[in-house]
Amino acid sequence: MIKLEHVYKSFNKQHQPAVADVSFEVHPGETLVLLGTSGSGKTTTLRMINRLLTPDSGQIYVNGQAVAEQQPETLRRGIGYVLQDNGLFPHYTVAENIGVVPALLQWDKARIADRTTVLMEKLHLPPGQYRDAYPAQLSGGQQQRVGLARALAADPPVLLMDEPFGALDPVTRASVRREFQALDELQNKTVVMVTHDVQEAFELGTRIGLMDNGRLQQLGTPQELLFAPANDFVRAFFREHHLLLELKALTLADIRPYLPPTAEDDNYQAHVLPGTTSCWDALQQSMNTEGVLSVDFSTTVFTMDSKSLMTALVSRKNEVGHKK
Amino acid sequence: MQQSFFDFIQQQSGKLLEQTLQHIGLTFISLLIAVLAGVPLGILITRKRGWAAPVLGVAGVLQTVPSIALLGFMIPLLGIGPQPAIVALFLYGLLPIIRNTYTGIKEVDPAVTAAATGMGMSRRQLLYKIQLPLAMPVLLAGIRTATVINVGVATLAAYIAAGGLGEFIFGGIALNNTHMILAGAIPAALLAILFDGLLSLLQRIQLRKARTTLYVLPLLLLLLSSFYLLPAAAGGPLLAGFTPEFMGRQDGYLGLKSVYGLRLRTVVINDMIMYKAAYEKKLDVISGSSTDGRVKAFDLVVLDDDKHIFPPYYAAPIVRQATLDKYPELAPALNRLSGTINDSIMTELNYRVDYLKQDPAAVAKDFLVSKGLWQPPRSGAKGVVRIGSKIFGDGYILANMYKMLVEGYTELRAVTRTGLGGTKICFDALVNDQIDLYPEYTGTGLLVILQEPRPVIDSLIGDPQQVYAHVQRAFATRYGIRWLPPIGFNNTYALMMRKQQASELHIKSISDLVNATRAQR
């Protein structure tokens with residue numbers, strides 16, 4: 001769906017390149033998170049995909065076609081784009097903002113209005129209240145949701161997101177992120193997202209590309225980055241939040257082999273978690289159930305407490321560590 | 001009797017309306033052109049790196065050229081009338097419009113333009129849908145500034161025959177008529193406030209409607225510009241240009257109308273450029289000063305005032321009686337000049353000093369030598385005589401001649417104090433024993449120094465002899481100052497035309513001119 005081949009870009013010939021030899025491929029339905037500190041080249045990489053920047057060398061393909069060969073306006077109208085500072089047009093109403101790309105694609109008015117209403121409802125912006133509001137009248141979280149709706153309006157197969165939740169406070173950020181994850185509009189979309197937030201990357205990314213100094217240090221699933229770091233930089237990058245990230249990266253299914261055999265039980269709780277739940281979410285859930293959890297592993301249902309979950313986690317770590 | 005301000009307004013309401021409409025028209029035609037040129041230029045320099053500084057620099061330099069000088073530059077290129085005024089106003093309006101367009105667009109949040117581009121807007125769509133609407137408040141502020149500047153500068157258009165409220169303002173200043181000044185100044189100030197207010201309303205309109213402004217504004221400008229075309233009156237084939245002062249004086253245009261019945265198409269113009277405009281055939285008849293050197297320089301001919309509406313301004317030396325008593329030989333020496341200089345000789349002398357930039361002392365000596373009056377200076381041992389003069393042409397030359405005569409024919413030494421401001425300064429210096437003599441004009445003595453009541457003036461003014469006799473008598477009794485016999489020339493108001501045109505139309509006097517204009521109608 002999106003493919004980069006040995007892409008280079010430098011803004012100043014004297015300095016080292018902003019992006020050097022970056023190659024990756026993003027498959028349909030996948031979310032690739034480009035993670036890194038500021039100045040690592042992740043935003044530059046993103047902006048080359050929709051031709052806001054032009055690479056010095058290398059090729060970029062979207063939908064199997066080289067972007068350099070496409071009319072930039074046409075290319076961009078087929079790619080959703082979300083920015084950190086939302087970039088909403090202050091002189092357009094919420095509805096007009098959302099309808100920008102459909103209008104550029106010359107949809108008829110009724111179709112644009114319908115689509116706008118649908119998206120506003122999905123993003124919890126009651127159309128009756130907000131349709132004719134101006135961006136300045138909205139809260140930060142609402143503005144970011146409008147930005148998201150605008151990017152999705154023409155139902156593009158590809159979505160580029162540049163620090164989409166970066167400007168929000170932690171509480172709002174978490175709730176907007178949850179809404180984002182739950183959004184059915186995102187099914188089957190190819191997403192490239194840039195962030196410097198490690199937790200966000202682990203929560204949202206199918207795969208993560210960790211960048212530093214313009215180079216892709218490692219590209220892989222969250223677990224691969226966490227448990228099989230390619231170099232010292234990758235290892236050091238996750239050291240501080242390691243436990244938290246492990247909880248987020250591992251699902252209950254991942255630790256099943258390490259659970260005590262007694263856990264298998266038919267007396268399961270009313271609330272049953274699927275096996276794909278991350279350990280982190282399971283632990284959070286256990287706060288509401290006095291430490292007792294039921295997990296549906298499709299063949300059997302386990303009931304356990306949070307303590308046995310942690311024990312399983314530790315024994316898994318020891319075993320994986322010994323293997324090395 | 002003092003006439004009230006409102007009486008004046010009522011009397012002149014037709015003229016006031018015409019001038020106001022001209023003023024609005026001048027302001028907005030130039031503004032329209034400035035917007036049409038300035039906005040695209042402002043947009044251009046946001047796109048071309050390195051263009052902003054030079055373009056804004058040039059526009060800034062234009063802004064610093066004094067307005068009257070800028071109008072002066074326009075004359076050789078575009079003549080007189082509306083065109084040079086509009087071009088000058090356009091140049092003044094340019095800087096705020098270019099600068100604010102540039103700043104307005106540059107200040108649009110980069111995240112917004114990045115988003116717009118990222119959504120797939122073309123550069124044109126970005127400009128019209130995003131940049132211009134968002135820059136509109138700043139852009140409008142620039143147009144506001146330009147409007148207020150132009151309403152102010154447009155008053156100067158009256159100097160180059162483009163009309164507007166400046167006609168009243170400068171006429172009023174020249175005639176020392178406060179009502180007339182206010183009749184021009186108050187509407188001009190009100191126009192500035194009004195347009196500033198209207199544009200600020202436009203500026204405050206919700207952002208959303210900024211897109212509407214994009215289309216409304218040019219239409220509005222176009223409409224207001226068209227005001228200038230309304231009063232474009234047709235008239236006779238001869239065009240007259242008169243100074244604001246001349247337009248308002250009984251012994252000027254008012255007298256020409258009432259006494260001669262002269263009907264001409266007239267424009268108001270500054271006397272600095274009037275002669276040249278006549279020479280360049282932009283004007284056919286002008287009001288000038290009869291002995292001005294430019295009459296000769298620009299090949300003009302003075303029309304005979306056969307019905308004597310212009311007061312006599314015969315030049316004569318006026319001397320402190322005390323000085324004359326002390327040095328009895330002084331008067332005969334000064335009187336040697338009497339009767340030797342007629343109008344055309346004085347014009348010739350002024351021409352050499354003002355136009356050929358020759359030294360006044362050299363010109364004075366040449367003349368005395370040619371008349372056989374020059375003698376080498378004598379001892380100068382008996383005492384000192386102080387000779388004054390006003391700052392302009394005639395005075396310098398005459399003062400130099402008197403110095404040579406005094407030193408050549410008496411044992412006195414003469415010093416000159418030339419360049420004494422105006423009449424008041426010269427006369428005060430004389431009365432207070434700072435100078436002993438200076439050349440003065442009979443008309444000035446009567447109207448400016450004595451300030452006789454109107455009936456007295458009216459009874460005297462037609463007859464040069466009577467005016468001279470009156471000032472001679474009054475100065476002697478009131479100030480102890482003696483008028484010596486006149487030098488001969490009469491430096492008064494005069495109508496003048498190009499020599500060639502006057503001879504083609506067989507015009508020698510003002511009556512001939514009146515007949516010629518009637519015949520052509």
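Numbered from 1 within each chain, the chains take letters A, B, ... in sequence-line order. Below, all heavy atoms of this structure are taken into account, side chains as well, without hydrogens, waters or symmetry copies.
Closest of all the heavy-atom pairs between A114(B) and Y81(A) is O-CE2, 4.0 Å. Closest non-hydrogen pair, G87(A) versus A115(B), comes out as O-CB, 3.3 Å. Contact detail for S122(B) and R77(A): the closest heavy-atom pair is N-NH2, 4.4 Å.
If you measure heavy-atom distances from R47(A) to chain B, the contacts under 4.5 Å come from the side chain alone. Looking at L88(A), only its backbone comes within 4.5 Å of chain B, counting heavy atoms on both sides.
Of residues 54-76 of chain A, those residues with a non-hydrogen atom less than 4.5 Å from any non-hydrogen atom of chain B are, in numerical order, E73(A), R76(A). Contacts with chain A (heavy atom to heavy atom, under 4.5 Å) involve no residue of residues 187-197 of chain B. Listed by sequence position, A111(B), V112(B) are the residues of residues 94-112 of chain B in contact with chain A, using a 4.5 angstrom heavy-atom cutoff.
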Might you work through the side chain to side chain contact (heavy atoms under 4.5 Å, CB included) test for K129(B) and Y92(A), ending with a clear yes or no? CA-CA 10 Å; K129(B) 288 172 188 281; Y92(A) 278 31; 3.5 Å; yes
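Between chain B and the residues D85(A), N50(A), L52(A), the largest count of heavy-atom pairs under 4.5 Å involves L52(A).
By the 6.0 Å contact criterion, CZ on R47(B) is enclosed, its count of non-hydrogen atoms from other residues, nucleotides or ligands being greater than 12.
Taken from CG in L104(A) to CE in M119(B), the straight-line distance is 9.5 Å, to the nearest 0.5 Å.
Residues forming a side chain to side chain donor-acceptor pair (under 3.5 Å) with S30(B) (at least two apart in sequence, or on another chain): N150(B).
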